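For reference, the structure discussed in these notes is given below.
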Amino acid sequence: MSIQQSDVLYTAAATAENGRDGRVVTHDGRLDLVVNPPKEMGGSGTGTNPEQLFAAGYSACFQGALGVVARRENADISGSTVTAEVGIGKNDEGFGIIVRISANIPNVDAATAKDLLEKAHQVCPYSKATRGNITVDLAV
């Protein structure tokens with residue numbers, strides 16, 4: 001379900017110049033990065049790239065969603081980590097991305113970890129935004 005503008009609690013804004021081979025800056029100045037295509041895509045690989053930024057945001061958001069689910073389920077996720085791997089490749093329409101979310105949740109068994117991941121995937125805003133648009137694989 002979509003939210004309305006009146007429901008927004010915070011808005012992040014960033015401006016890019018020169019696309020994948022330039023610079024990206026958030027409006028508050030806290031993030032100011034050189035962006036370059038990775039070597040695998042013909043770039044210098046000296047800066048960061050949009051896929052790394054997406055992976056960072058998705059992993060942080062998913063970890064937050066995992067915390068929400070764990071509290072509801074009374075599960076101990078202390079010491080857990082979430083990794084998002086974002087791949088980019090060619091498709092019929094140019095390029096597309098694929099994501100693999102993996103988690104290490106040391107204080108629960110594998111079945112519980114899998115269940116928590118699946119439930120977090122249902123509440124994570126990044127997962128909701130990408131659902132039906134890209135492949136997202138979950139792994140424990």
Side-chain angles (χ1 to χ4, degrees):
M1 177 189 304
S2 298
I3 66 170
Q4 302 300 313
Q5 188 62 38
S6 60
D7 298 321
V8 172
L9 301 174
Y10 168 77
T11 299
T15 301
E17 59 183 55
N18 295 326
R20 289 183 161 273
D21 208 1
R23 181 174 167 225
V24 63
V25 181
T26 57
H27 288 190
D28 63 6
R30 291 184 182 166
L31 188 69
D32 186 345
L33 299 170
V34 171
V35 289
N36 300 116
K39 288 183 180 182
E40 296 84 351
M41 293 179 66
S44 68
T46 57
T48 192
N49 60 65
E51 292 69 40
Q52 290 172 321
L53 296 171
F54 189 74
Y58 203 160
S59 63
C61 188
F62 201 96
Q63 178 76 38
L66 184 63
V68 168
V69 169
R71 282 188 293 281
R72 289 181 189 161
E73 302 285 322
N74 292 316
D76 179 7
I77 65 160
S78 59
S80 67
T81 59
V82 172
T83 300
E85 298 172 65
V86 177
I88 184 169
K90 291 186 178 182
N91 64 15
D92 292 340
E93 298 150 1
F95 285 88
I97 61 171
I98 187 168
V99 176
R100 182 174 193 265
I101 301 285
S102 59
N104 177 4
I105 310 173
N107 297 321
V108 300
D109 61 54
T112 301
K114 183 174 173 38
D115 183 58
L116 291 171
L117 245 58
E118 289 171 0
K119 288 177 179 175
H121 189 45
Q122 296 306 307
V123 300
C124 173
Y126 273 62
S127 293
K128 289 179 182 181
T130 59
R131 187 165 289 118
N133 298 310
I134 65 172
T135 298
V136 177
D137 292 320
L138 303 176
V140 184

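In this chain, residues are counted from 1 in sequence order. All figures in this text were calculated on a predicted structure; none of them were measured in a lab.
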Interatomic distance, Leu117 atom CG to Ile105 atom CD1 [nearest 0.5 angstrom]: 5.5 Å
Shared hydrophobic cluster for Ile97 and Val24 (ILVMFWY, side-chain gaps under 4.5 Å): no
What distance separates Gln63 CD from Thr83 OG1, expressed to the nearest 0.5 Å? 9.5 Å
Give a yes or no answer on whether the side chain of Glu118 reaches the backbone of Asp115 with a donor-acceptor pair at less than 3.5 Å. no
Does the side chain to side chain contact (heavy atoms under 4.5 Å, CB included) test come out yes or no for Leu116 and Val140, once each step is laid out? CA-CA 10 Å; Leu116 291 171; Val140 184; over 6 Å; no
Could you name each residue pair satisfying salt bridge (Lys or Arg N to Asp or Glu O under 4.0 Å) that touches residues 82-107, not counting sequence neighbours? Glu85-Arg100
Can I get a per-line list of side-chain donor-acceptor pairs under 3.5 Å for residues 129-137, giving both atom names and the distance, sequence neighbours left out?
from, atom 1, to, atom 2, distance (Å)
Thr130, OG1, Tyr126, O, 3.0
Thr130, OG1, Ser127, O, 3.4
Arg131, NH2, His121, O, 2.5
Asn133, ND2, Ala129, O, 3.3

What distance do Ile88 atom CD1 and Ile98 atom CD1 have between them, rounded to the nearest 0.5 Å? 12.0 Å
Return the CG to CD1 distance between Leu66 and Ile77, rounded to the nearest 0.5 Å. 4.0 Å
What's the spacing between Leu53 CG and Leu33 CG if we round to 0.5 Å? 6.0 Å
Walk me through it: do Val86 and Tyr58 pass the test side chain to side chain contact (heavy atoms under 4.5 Å, CB included)? CA-CA 9 Å; Val86 177; Tyr58 203 160; 5.5 Å; no
Kindly determine whether Ile101 and Leu138 satisfy side chain to side chain contact (heavy atoms under 4.5 Å, CB included), including the steps that lead there. CA-CA 5 Å; Ile101 301 285; Leu138 303 176; 3.8 Å; yes
Kindly write out the residues that satisfy side chain to side chain contact (heavy atoms under 4.5 Å, CB included) with Asn18, not counting sequence neighbours, or none if the list is empty. none
Taking only residues two or more places apart in sequence or in another chain, which ones pass side chain to side chain contact (heavy atoms under 4.5 Å, CB included) with Ile3? Asp7, Val8
Tell me the salt bridge (Lys or Arg N to Asp or Glu O under 4.0 Å) pairs involving residues 12-22, sequence neighbours left out? Arg20-Glu51
Taking all atoms of both residues into account, what is the closest heavy-atom pair of Pro125 and Cys61, and its distance? CD-SG, 3.4 Å
Given side chain to side chain contact (heavy atoms under 4.5 Å, CB included), test Thr48 with Val35 step by step and report yes or no. CA-CA 5 Å; Thr48 192; Val35 289; 3.9 Å; yes
Asp109 to Ala111 - nearest heavy-atom pair and separation: OD1-N, 3.1 Å
Please answer: with hydrophobic residues joined when any side-chain heavy atoms are less than 4.5 Å apart, are Val108 and Val69 in the same cluster? yes
Taking every non-hydrogen atom, the tightest pair across Ala65 and Ala120: CB-O, 3.8 Å
Excluding sequence neighbours, so at least two apart, what forms side chain to side chain contact (heavy atoms under 4.5 Å, CB included) with Ser78? Asp76, Asn107
